[in-house]
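Just so you know, ligand 1 is whichever comes first in the structure, and atom 1 is the first atom listed for that ligand.
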Amino acid sequence: ARRQRMLRVEALRSGYGRIEAVKGVDLEVSSGEIVALIGANGAGKKTLLRAISGVQPVTAGRILFEGAPIEELAAHARVALGIVQVPEGRQVFAPLTVEDNLRLGAFRRGRAETETTLGEVYALFPVLAAKRHEPAGRLSGGQQQMLAVGRAMMARPRLLLLDEPSMGLAPLLVDQILEAVVRLRARGMTVLLVEQNASAALAIADRAYVLETGRIAHAGTGRALLDDPRVREAYLGI
Ligand code: ATP
């Protein structure tokens with residue numbers, strides 16, 4: 001089946017006062033894809049992701065979601081359209097139980113829909129089901145990251161924006177988180193993923209973009225970029 005284009009970013013610029021962090025970026029995400037955004041520290045990955053979710057203003061260019069421009073919409077209006085960002089650093093509510101954290105993510109959803117989605121999140125992350133009555137603060141780093149993803153799922157996103165999900169995690173947990181992202185794709189989710197861990201991200205991505213100082217330097221399938229000598233040398237340390 002031919003994939004529908006979901007997100008299209010055109011000539012996008014964004015920054016902080018006189019610092020331009022994103023300098024004219026074009027990017028596309030189709031329905032059902034995992035697209036990774038990789039690049040060195042300070043390349044502009046986070047700024048680009050935040051411009052798409054609406055927490056960072058754009059100075060030029062367009063962002064089209066299912067063909068309609070959204071760059072002027074407030075962040076909450078983009079959430080209502082189905083664009084949901086999982087923030088870096090997890091930010092779970094430590095004293096609340098796992099389940100209460102999840103319920104907080106059920107943005108403007110009815111009771112029946114909330115219960116259904118909760119079941120889906122527990123099916124995706126059985127460890128969260130097992131610990132549903134424990135305070136979130138008692139979860140391990142990897143489990144807290146799963147909780148953050150699960151909480152975003154509760155809003156029933158169409159496009160999930162993931163900001164460095166493997167941040168601060170041991171290699172085994174990095175694999176677990178990225179495996180969960182692959183399971184999300186199998187359930188029809190569309191994911192735009194910012195990752196510092198380039199080789200792990202490219203291994204699961206359908207396509208990826210490499211950002212260099214605010215511009216796209218390389219783009220292609222995850223496989224092609226993993227095999228590209230320029231990418232291997234600069235980003236994979238090979
Ligand atoms: P990192 O993982 O290191 O954050 P990144 O690729 O996500 O890398 P950005 O965080 O988007 O890059 O940063 C792009 C540029 O914008 C960098 O030069 C950075 O110093 C600058 N920058 C980021 N956040 C701010 C801010 N709040 N105020 C001023 N400059 C910023």
Heavy atom of the protein closest to [atom] (residue, atom name, distance):
atom	result
atom 12 (O) of ligand 1	G44 N, 3.0 Å
atom 23 (C) of ligand 1	Y16 CE1, 3.4 Å
atom 17 (C) of ligand 1	G42 O, 3.6 Å
atom 7 (O) of ligand 1	K46 N, 2.8 Å

Check ligand 1 against [X] and write out every atom of the ligand that is under 4.0 Å from a heavy-atom position of the residue.
X	answer
A40	6 (O)
N41	2 (O), 3 (O), 8 (O)
A43	5 (P), 6 (O), 12 (O)
K45	2 (O), 5 (P), 6 (O), 7 (O), 8 (O), 11 (O), 12 (O)
Q196	2 (O)

Quiz item: Using a distance-only test with no angle check, is there a side-chain donor-acceptor pair under 3.5 angstrom linking Q196 and Y235?
Solution: no
Quiz prompt | Y122 side chain to E99 side chain, donor-acceptor N/O pair below 3.5 angstrom | solution = yes
Can you tell me if [X] uses its side chain to pair, donor with acceptor, with the backbone of [Y] under 3.5 Å?
X	Y	value
E164	E195	no
S166	L169	no
D206	I34	yes

Exercise. Kindly state if atom 19 (C) of ligand 1 has a protein heavy atom within a strict 4.0 Å cut-off, that is, under 4.0 Å?
Key: no
Quiz item: Could an N or O of ligand 1 be found under 3.5 Å from any N or O of I19, whether backbone or side chain?
Solution: no
Exercise. For ligand 1, find out whether one of its N or O atoms is nearer than 3.5 Å to an N or O atom of A21.
Key: no
Quiz item: Are side-chain heavy atoms of L64 and I70 found at a separation under 4.5 Å?
Solution: no
Quiz item: Does the side chain of L37 come within less than 4.5 Å of L27's, by heavy atoms?
Solution: yes
Self-check item: Exercise: identify the closest heavy-atom pair between F125 and A180
Solution: CE2-CB, 3.3 Å
Quiz item: Residues in side-chain contact (heavy atoms from CB on, under 4.5 Å) with R230, at least two apart?
Solution: H218, D228
Practice problem: Between T47, L37, T213, D163, flag the one that comes closest to atom 9 (P) of ligand 1 by a heavy atom. | Solution: T47
Quiz item: Is E164 in contact with ligand 1, taking contact as a heavy-atom separation below 4.0 Å?
Solution: yes
